Asker: 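Before we start, here is the structure in question, set down as structure tokens.
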Amino acid sequence: MATKNQPQKGKVSKITRLTAFWVIACLIGLAVISLFTPGGNLKEVPINEVVSRANAGKVVKLDITGNDIEVTVKGEDRPTEKTIKEDGTIYDQGLKKDAKVQVNVKQPSVAGDVILSVITIFLPIAIIIGFFMFMMRQAQGQNNQAMSFGKSKAKLYGADKKKVLFKDVAGNEAAKQDLEEIVDFLKFPKKYEQLGAKIPRGVLLSGSPGTGKTMMARAVASEAGVPFFSISGSEFVEMFAGVGASRVRDLFSKAKKNAPSIIFVDEIDAVAHKRDTRGGNGREDEQTLNQILVEMDGFDNETGVIVIAATNRADMLDPALLRPGRFDRRITITLPERADRLEILKVHFKNKPLDSSVDLDKLAAKTAGSSGADLANIANEAAINTARANRKTITGEDVDSAFEKVAIGPERKSKIMNDKDRELSAYHEAGHAIVGHILPDSDPVHKVTIIPRGQTGGVTWFLPPEDKSYTSVYEFKDILARALGGRMAEKIVYGDDGVTTGAGSDLKHASEMARSMVTEEGMGSGLRNQVFTEDRDFFGVVKPYSDQTAEKIDEEVAKLMAEAGKRAEVVLAENRKYLDGLAKVLLDKETIEEEEVGKILKGTTLPGTAKLHN
Ligand code: ADP
Ligand code: ZN
């Protein structure tokens with residue numbers, strides 16, 4: 001989903017423009033009126049003061065309109081002050097009858113008041129209508145079709161579009177095999193009919209974003225040579241009553257007319273979450289989903305339409321969706337393994353000229369956890385790097401910096417750090433690197449740099465040696481300790497209160513990890529083998545455990561964090577001379593690779609108190 005087009009902003013509709021015009025007109029009107037309202041910029045003084053000055057002969061004229069009074073003081077020829085009297089006459093307020101002041105009582109201007117109240121009533125209404133129009137446009141206008149209620153926005157990928165075939169989808173062999181079967185159903189429906197076999201109606205592809213679900217669905221269509229209609233569940237979320245359902249109807253009728261064909265519903269979880277976890281647009285989602293189900297229930301063996309839906313939240317789906325005759329075929333698409341990552345990288349680097357310094361195998365090794373979309377992104381960024389440097393072939397360096405950019409964000413070479421910050425950064429990263437290097441269950445250091453990147457002042461990379469499916473408590477604890485290594489290095493070098501915000505995101509990640517160890521993985525020492533998952537209902541988060549347990553969880557998390565901090569600190573204090581040494585080289589070279597880190601850290605020792613096992 002990473003490469004999907006962003007919805008475009010629709011054209012400003014005529015109605016919106018009209019509304020905007022009226023809102024602006026009203027605002028201008030209001031401004032003009034306040035400008036001409038008498039007493040607009042006069043100094044406000046208390047009535048008592050005015051009265052006593054008038055009695056003392058220091059005021060020449062009082063212009064009274066209702067309870068508003070404009071005051072012309074002696075020596076001025078027009079009002080410079082204003083005040084407000086209580087109900088009753090000015091004489092009731094204490095003005096002496098014989099005071100030497102001219103009193104003019106004017107009728108309040110009815111017209112002005114009427115205009116003012118009309119505006120105060122209608123302006124909010126106009127604003128509300130304008131806002132409503134705006135929202136409507138947002139919901140409707142994404143494809144520049146401001147008012148096409150109920151028409152399906154399904155896109156038909158025709159023959160002109162570059163075809164995706166199974167061979168373009170690397171890895172996921174099992175999923176492809178299952179889908180080959182669907183292709184066969186679409187190509188030779190007779191074969192199945194004759195044997196009385198039921199042709200599947202719905203296939204659910206579940207897997208993380210960017211793992212190629214859309215690609216696979218498109219590949220099914222092109223392998224079978226049938227039209228492909230696609231629509232995304234998230235498009236329905238912002239719709240008005242009834243629109244989602246009518247779009248679904250429209251989409252299915254188009255697909256049936258073009259049968260055999262494929263309907264692809266991306267992000268179906270957006271409309272099909274379990275009833276108890278339903279968030280967002282409740283009833284509308286339900287109607288949309290029901291319409292999809294009704295349409296599918298109406299299929300028969302001759303319909304020739306197969307619905308492929310994609311989700312990354314299979315656990316959240318409404319079970320009604322998974323009943324026989326609906327999405328009863330389920331295919332899981334996993335994140336690619338190392339070998340598959342290599343295949344995907346090969347696909348995306350295929351037409352790109354590579355220098356001999358590019359090692360795709362190594363890149364595959366260090367991209368554990370990346371999706372196909374991430375890998376495609378790296379290939380593209382690498383090519384951009386090369387083109388920007390006006391070179392013809394892609395080098396290992398182009399690929400490396402593309403990888404790092406995709407993983408953390410672009411380098412900020414231009415951001416000049418002052419010397420103190422650079423030194424702090426060097427110690428901080430050296431802290432991560434040394435703790436990671438020394439603790440036995442942490443991965444080896446791959447690279448350390450103090451070139452600022454994205455939001456960080458530097459980065460230390462660790463290289464997972466192989467794809468790992470499981471992580472032990474030992475490993476988690478070492479990862480926690482190395483995450484705190486940066487902060488602890490700062491503490492050792494600059495003292496308790498010399499530590500900085502540079503460790504903010506380290507601490508956040510570490511705390512989240514410690515919490516999930518306790519609540520999700522059953523790894524708390526006193527809460528071993530229990531999990532504590534929060535639920536959500538209409539009113540918010542629900543904890544299916546007692547307050548005492550919540551307290552225990554907090555204690556366990558705090559204990560893990562304290563232990564990790566202590567271990568990091570001990571390791572660094574014991575190896576202080578290496579901390580200084582590595583920081584110094586970092587200040588000098590900015591970036592140090594795996595091999596050199598190994599050389600610099602040769603001779604470091606693991607203190608007994610930081611050991612977890614032998
Ligand atoms: P999803 O629908 O699962 O979010 P997409 O099918 O939209 O993922 O994949 C996004 C992009 O990632 C694709 O256009 C393709 O470039 C790349 N990609 C993902 N998986 C693979 C794969 N297995 N082989 C090759 N490219 C892939
Ligand atoms: Zn850090």
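Please read these numbers as outputs of a predicted model, since none were measured by experiment.
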Asker: With a 4.0 Å cut-off, would you call Asp168 and Arg218 a salt bridge?
Answerer: no
Asker: With heavy-atom distances below 4.5 Å as the criterion, would you say the side chains of Met296 and Val307 are in contact?
Answerer: yes
Asker: For a quick test of reading the model, state the closest non-hydrogen atom pair linking Asp478 to Leu612 and the distance between them.
Answerer: OD1-CD1, 3.9 Å
Asker: Does atom NZ of Lys352 have more than 12 heavy-atom neighbours, drawn from other residues, nucleotides or ligands, at distances under 6.0 Å?
Answerer: yes
Asker: If you round to the nearest 0.5 Å, how far is CG of Asp374 from OG1 of Thr367?
Answerer: 9.0 Å
Asker: Any donor and acceptor pair, going by atom type alone, linking the side chain of Asn172 with main-chain N or O of Ala175 inside 3.5 Å?
Answerer: no
Asker: What are the two closest heavy atoms between Thr395 and Arg391, and how far apart are they?
Answerer: CG2-NH1, 3.6 Å
Asker: Are any side-chain N or O atoms of Arg341 and backbone N or O atoms of Ala364, one a donor and one an acceptor, separated by less than 3.5 Å?
Answerer: yes
Asker: Take Asp400 and Lys405 through the test salt bridge (Lys or Arg N to Asp or Glu O under 4.0 Å) and record every step on the way to the result.
Answerer: CA-CA 9 Å; Asp400 275 354; Lys405 178 172 175 191; over 6 Å; no
Asker: Can you name the closest pair of heavy atoms from Asp441 and Tyr474 and give their distance?
Answerer: OD2-CB, 3.4 Å
Asker: Side-chain contact test, heavy atoms from C-beta onward, threshold under 4.5 Å: evaluate it for Phe327 versus Val203 and give yes or no.
Answerer: no
Asker: Please check this pair: side chain of Glu490 against backbone of Thr500, looking for a donor-acceptor N/O pair closer than 3.5 Å.
Answerer: yes
Asker: Would you call Asp506 and Arg487 a side-chain contact if the rule is heavy atoms closer than 4.5 Å?
Answerer: no
Asker: Calculate, to the nearest 0.5 Å, the distance between atoms CD1 and OG1 belonging to Ile308 and Thr214 respectively.
Answerer: 10.5 Å
Asker: Measuring from Thr460:OG1 to His428:NE2, what's the distance to the nearest 0.5 Å?
Answerer: 7.0 Å
Asker: Got a second to check how far Thr211's OG1 is from Ile344's CD1, nearest 0.5 Å?
Answerer: 9.0 Å
Asker: If you measure from CD on Glu223 to NZ on Lys167, what distance do you get to the nearest 0.5 Å?
Answerer: 8.5 Å
Asker: Ion pair present between Asp496 and Lys491, side-chain N to carboxylate O less than 4.0 angstrom?
Answerer: yes
Asker: A cation-pi test, strictly: NZ or CZ of Lys420 under 6.0 Å from the centre of the six-membered ring of Tyr494 and no more than 45 degrees from its axis. Yes or no?
Answerer: yes
Asker: So does Glu397 have more than 12 non-hydrogen atoms from other groups sitting under 6.0 Å from CD?
Answerer: no
Asker: For residues 592-606, which side-chain donor-acceptor pairs fall under 3.5 Å, sequence neighbours excluded?
Answerer:
from, atom 1, to, atom 2, distance (Å)
Glu594, OE1, His446, ND1, 3.0
Glu596, OE1, Lys589, NZ, 3.3
Glu596, OE2, Lys589, NZ, 2.7
Thr604, OG1, Leu601, O, 3.0

Asker: When you compare the side chain of Ile394 with that of Asp355, does any pair of heavy atoms fall below 4.5 Å?
Answerer: no
Asker: Any chance you could measure Leu484, atom CG, to Leu480, atom CG, to the nearest 0.5 Å?
Answerer: 6.5 Å
Asker: Taking all heavy atoms of Leu586 and all of Arg422, pick out the closest pair and write down the distance.
Answerer: O-NH2, 4.5 Å
Asker: Applying side-chain hydrogen bond (donor to acceptor under 3.5 Å, both in side chains) to Asn312 and Ser208, what does each step give before you reach the verdict?
Answerer: CA-CA 5 Å; Asn312 52 4; Ser208 310; over 6 Å; no
Asker: State plainly whether the residues Lys508 and Glu512 are in salt-bridge range, i.e. N to O under 4.0 Å.
Answerer: yes
Asker: Could you go step by step and tell me if Lys176 and Glu173 meet the salt bridge (Lys or Arg N to Asp or Glu O under 4.0 Å) rule?
Answerer: CA-CA 5 Å; Lys176 276 195 273 184; Glu173 294 306 324; 3.5 Å; yes
Asker: Restricting to non-hydrogen atoms, name the atom on Ala402 and the atom on Ile378 that form the minimum distance, rounded to 0.1 Å.
Answerer: CB-O, 3.5 Å
Asker: Salt bridge or not for Asp361 and Arg338, using N-O below 4.0 Å?
Answerer: yes
Asker: Between Glu267 and Arg313, is the closest basic N to carboxylate O distance under 4.0 Å?
Answerer: no
Asker: Taking 4.0 angstrom as the limit, do Glu555 and Lys552 come out as a salt bridge?
Answerer: no
Asker: May I ask you to test the Phe264-Ile231 pair for a side-chain heavy-atom distance under 4.5 Å?
Answerer: no
Asker: Return yes if some donor-acceptor pair links the side-chain N/O of Ser442 with the main-chain N/O of Ile438 below 3.5 Å, else return no.
Answerer: no
Asker: Are side-chain heavy atoms of Val557 and Arg515 found at a separation under 4.5 Å?
Answerer: yes
Asker: Keeping Lys213 on the side-chain end and Gly207 on the backbone end, is there a donor-acceptor pair under 3.5 Å?
Answerer: yes
Asker: One pair to check against side-chain hydrogen bond (donor to acceptor under 3.5 Å, both in side chains): Ser525 and Lys559. What are the steps and the verdict?
Answerer: CA-CA 9 Å; Ser525 62; Lys559 208 163 96 187; 2.7 Å; yes
Asker: Apply the test side-chain hydrogen bond (donor to acceptor under 3.5 Å, both in side chains) to residues Ser232 and Asp266: give CA-CA distance (whole Å), side-chain angles for both, the deciding distance (0.1 Å), then the verdict.
Answerer: CA-CA 4 Å; Ser232 170; Asp266 201 1; 5.0 Å; no
Asker: Step by step, would you call Arg329 with Glu181 a salt bridge (Lys or Arg N to Asp or Glu O under 4.0 Å)?
Answerer: CA-CA 11 Å; Arg329 298 230 163 188; Glu181 217 174 285; 2.6 Å; yes
Asker: Might you point out which heavy atoms bring Leu527 and Glu556 nearest each other, and give the distance in Å?
Answerer: N-OE2, 3.7 Å
Asker: Between Phe403 and Trp461, how do the two ring planes meet: parallel, tilted or perpendicular, split at 30° and 60°?
Answerer: tilted
Asker: Taking 4.0 angstrom as the limit, do Asp588 and Lys584 come out as a salt bridge?
Answerer: no
